[in-house]
Asker: 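Pasting in a structure now, in structure tokens, and then I'll have a few things to ask.
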Number of protein chains: 2
Amino acid sequence: MAKPSQDIGVVSNRIGFNLRRAAAIFSADFTHAVEGTGMRQMLIGILSVVTANPGVNQGVAGRLLGIKPANMVAFITELIDTGLIVRDVDSIDRRAFSLRVTPRGVALLNDCTQRLDTLENELLAGFTDDEKVSFLDFLNRVTGSVG
Amino acid sequence: MAKPSQDIGVVSNRIGFNLRRAAAIFSADFTHAVEGTGMRQMLIGILSVVTANPGVNQGVAGRLLGIKPANMVAFITELIDTGLIVRDVDSIDRRAFSLRVTPRGVALLNDCTQRLDTLENELLAGFTDDEKVSFLDFLNRVTGSVG
DNA sequence: TATTGTTATACTCTATAACTATA
DNA sequence: TATAGTTATAGAGTATAACAATA
């Protein structure tokens with residue numbers, strides 16, 4: 001029996017399309033990896049940026065992650081409601097919010113980071129360390145010009 | 001004045017997270033690039049795979065693109081309703097559908113392909129040809145094991 | 001019994017416009 | 001008047017379970 005066609009046509013050599021596919025695969029595996037933690041991809045991103053920048057402004061945090069202000073609201077509300085971050089009114093600009101991670105937030109981020117380490121090692125098992133560095137560099141050259 | 005922190009923390013060197021970011025950037029630019037055509041990313045993917053494999057089975061087409069059967073239905077319906085593909089009952093397995101692209105579908109795919117060429121050239125302006133080949137190879141090594 | 005495709009539905013993330021309260 | 005955050009809402013893609021028709 002002939003090998004079934006694996007050709008997906010013109011999109012097969014397009015970086016944009018394959019980027020989406022690869023991200024979708026990571027995304028599905030991410031969901032399973034953090035099952036039971038209540039975390040989602042953008043929540044982890046926010047925990048990460050707030051941990052790295054204590055007291056960071058809400059809008060700045062969103063900008064660093066490519067999240068629009070309108071979409072930050074529900075994420076931040078959820079992180080506060082679950083006790084993972086705290087939000088304070090900025091002392092010199094009362095329109096702005098200053099975000100800080102709680103000890104529980106730090107612990108959860110660490111837990112998820114370990115799980116995601118495992119996931120990346122599995123999904124990138126065929127990559128050498130140098131290739132992983134190049135891959136990350138390529139991705140950052142796409143995102144770096146924006147964030 | 002000090003350079004504002006650009007550090008997004010532990011996720012900054014994770015390929016999964018940066019994959020999502022890069023895909024999101026491509027996705028937003030994609031939307032603008034094909035504005036007015038009625039196309040969306042997965043519709044283009046389906047047009048592409050059906051063009052490359054005339055008469056392909058609906059489920060196979062979905063599998064090649066990572067689209068679940070349940071999610072194929074609306075996509076296929078839309079492509080038929082807009083006259084871009086046709087669907088025939090498979091002559092030897094009457095449960096299955098055989099898909100074929102119409103001339104209008106071919107023309108639209110070509111139009112979009114050109115627009116997306118331009119987009120990729122812009123987004124990957126800083127990449128050498130060799131780097132683009134490597135980038136695509138990396139992505140295919142993530143997706144290849146699945147699709 | 002297993003498979004192809006379908007329906008229904010919920011979830012995650014993204015986008016836009018109109019709004020408030022401060023600056 | 002501009003900015004920080006908000007509300008409301010729509011769109012795109014993905015996930016699961018239960019189902020009908022056919023194999």
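Bear in mind the structure is a predicted one, so any value in this text is a computation, not a measurement. The sequence lines fix the lettering, A, B, ..., with proteins before strands; numbering per chain opens at 1.
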Asker: Could you check how far CD of B:E78 sits from C1' of D:dG11, rounded to whole Å?
Answerer: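 In whole Å, D:dG11 C1' and B:E78 CD are 12 Å from each other.
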Asker: Do NZ/NE/NH1/NH2 and the carboxylate oxygens of B:R40 and B:E78 come within less than 4.0 Å?
Answerer: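 Result for this pair is yes, salt bridge flagged.
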Asker: Just verifying a value: how many Å separate A:L109 CG and A:Q114 CD, rounded to the nearest 0.5 Å?
Answerer: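 A:L109 CG to A:Q114 CD: 10.5 Å, rounded to 0.5 Å.
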Asker: Which class fits the ring pair B:F135 and B:F127: parallel under 30°, tilted 30 to 60°, perpendicular over 60°?
Answerer: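 B:F135 vs B:F127 ring planes: parallel.
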Asker: Is any N or O donor-acceptor pair between the side chain of B:R94 and the base of D:dT22 shorter than 3.5 Å?
Answerer: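 No, no donor-acceptor pair under 3.5 Å.
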Asker: Going from CZ on A:R141 to OG on A:S134, what distance comes out if it is rounded to the nearest 0.5 angstrom?
Answerer: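 Separation between the atoms: 9.0 Å.
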Asker: Nearest-nucleotide wise, let me know which of A:S27 and B:D93 is further upstream toward the 5' end of DNA chain D.
Answerer: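 The residue whose closest nucleotide sits nearer the 5' end is A:S27.
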Asker: To the nearest Å, give me how far apart CD1 (B:I46) and P (D:dA12) are.
Answerer: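 In whole Å, D:dA12 P lies 14 Å from B:I46 CD1.
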Asker: Restricting to salt bridge (Lys or Arg N to Asp or Glu O under 4.0 Å), what partner residues turn up for A:R20, sequence neighbours left out?
Answerer: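 So A:R20 forms no salt bridge (Lys or Arg N to Asp or Glu O under 4.0 Å) with any residue.
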Asker: Taking 5' to 3' order, which nucleotide of DNA chain C is first and which is last to have an atom within less than 4.0 Å of a heavy atom in chain A?
Answerer: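 Counting from the 5' end, contacts occupy C:dT12 to C:dA23.
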Asker: Listed in order of residue number, which residues of residues 36-43 of chain B have a non-hydrogen atom at under 4.0 Å from DNA chain D?
Answerer: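 Close to the strand are B:R40, B:Q41, B:M42.
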Asker: Whole angstrom is fine here: how far is it from CZ in A:R87 over to P in D:dG5?
Answerer: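 Distance, rounded to whole Å: 10 Å.
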Asker: Near DNA chain C, which residues from residues 67-74 of chain B have a heavy atom under 4.0 Å away?
Answerer: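 Contacts with DNA chain C under 4.0 Å: B:P69, B:A70, B:V73.
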Asker: Are A:I44 and B:F17 side-chain neighbours, meaning at least one heavy-atom pair lies under 4.5 Å?
Answerer: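 Not in contact.
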Asker: Checking the side chain of A:R104 only, and the main-chain atoms of A:I85 only, is there a donor and an acceptor separated by less than 3.5 Å?
Answerer: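 Here the side-chain-to-backbone pair does not exist.
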Asker: If I take atom CD1 in residue B:I44 and atom C1' in nucleotide D:dG13, what distance separates them, rounded to the nearest angstrom?
Answerer: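 Taking atom C1' of D:dG13 as the reference, CD1 of B:I44 is at 15 Å.
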Asker: Rounded to whole angstrom units, what separation is found between the CG atom of B:L65 and the C1' atom of D:dA12?
Answerer: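 After rounding, the gap between these two atoms is 16 Å.
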Asker: If you apply the rule side-chain contact (heavy atoms from CB on, under 4.5 Å), what do you find for A:Q58 with A:I76, and how did you get there?
Answerer: CA-CA 8 Å; A:Q58 178 170 319; A:I76 296 298; 3.9 Å; yes
Asker: Looking at every strand, decide which applies to A:F75 at a 4.0 Å heavy-atom threshold: base, sugar-phosphate, or nothing.
Answerer: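 The residue A:F75 makes sugar-phosphate contact but no base contact.
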Asker: Any heavy-atom pair between the side chains of A:V133 and A:L136 that's under 4.5 Å?
Answerer: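 Counting from C-beta outward, A:L136 and A:V133 never come under 4.5 Å.
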Asker: What I'd like to find out is whether the side chain of B:L119 reaches to under 4.5 Å of the side chain of B:L116, using heavy atoms alone.
Answerer: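 SC-SC contact between B:L119 and B:L116 confirmed.
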Asker: With a 4.0 Å heavy-atom cut-off, tell me which residues in residues 106-122 of chain A come close to DNA chain C, sorted by residue number.
Answerer: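 None, since no heavy atom is under 4.0 Å.
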Asker: Calculate the interatomic distance between A:R20 atom CZ and D:dG13 atom C1'; express it in whole Å.
Answerer: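 The answer, rounded to whole Å, is 6 Å.
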Asker: Measure the CG-CE distance between B:L79 and B:M72 for me, rounded to the nearest 0.5 Å.
Answerer: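 If I round to the nearest 0.5 Å, the distance is 8.5 Å.
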Asker: List the residues meeting salt bridge (Lys or Arg N to Asp or Glu O under 4.0 Å) with A:R95, not counting sequence neighbours, and say none if there are none.
Answerer: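 With sequence neighbours excluded, A:R95 shows a salt bridge (Lys or Arg N to Asp or Glu O under 4.0 Å) to A:D93, given in chain and number order.
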Asker: Can you find a pair of side-chain heavy atoms, one from B:E35 and one from B:T31, that are under 4.5 Å apart?
Answerer: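 Side-chain contact under 4.5 Å: no.
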Asker: For the pair made of NE2 in B:H32 and P in D:dA12, what is the distance, rounded to whole Å?
Answerer: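 For the pair B:H32 NE2 and D:dA12 P, the rounded distance is 13 Å.
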Asker: Within a strict 4.5 Å, meaning less than it, do heavy atoms of the B:T51 and A:V10 side chains meet?
Answerer: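 When only atoms from C-beta onward are counted, A:V10 and B:T51 do not touch, as no gap falls below 4.5 Å.
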Asker: When all nucleic acid strands are considered with a 4.0 Å heavy-atom cut-off, which category describes B:N57: base, sugar-phosphate, or nothing?
Answerer: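 The residue B:N57 makes sugar-phosphate contact but no base contact.
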Asker: Please report the distance, rounded to the nearest Å, between CZ in B:R95 and P in D:dT22.
Answerer: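 So the CZ-P distance, B:R95 to D:dT22, works out to 10 Å.
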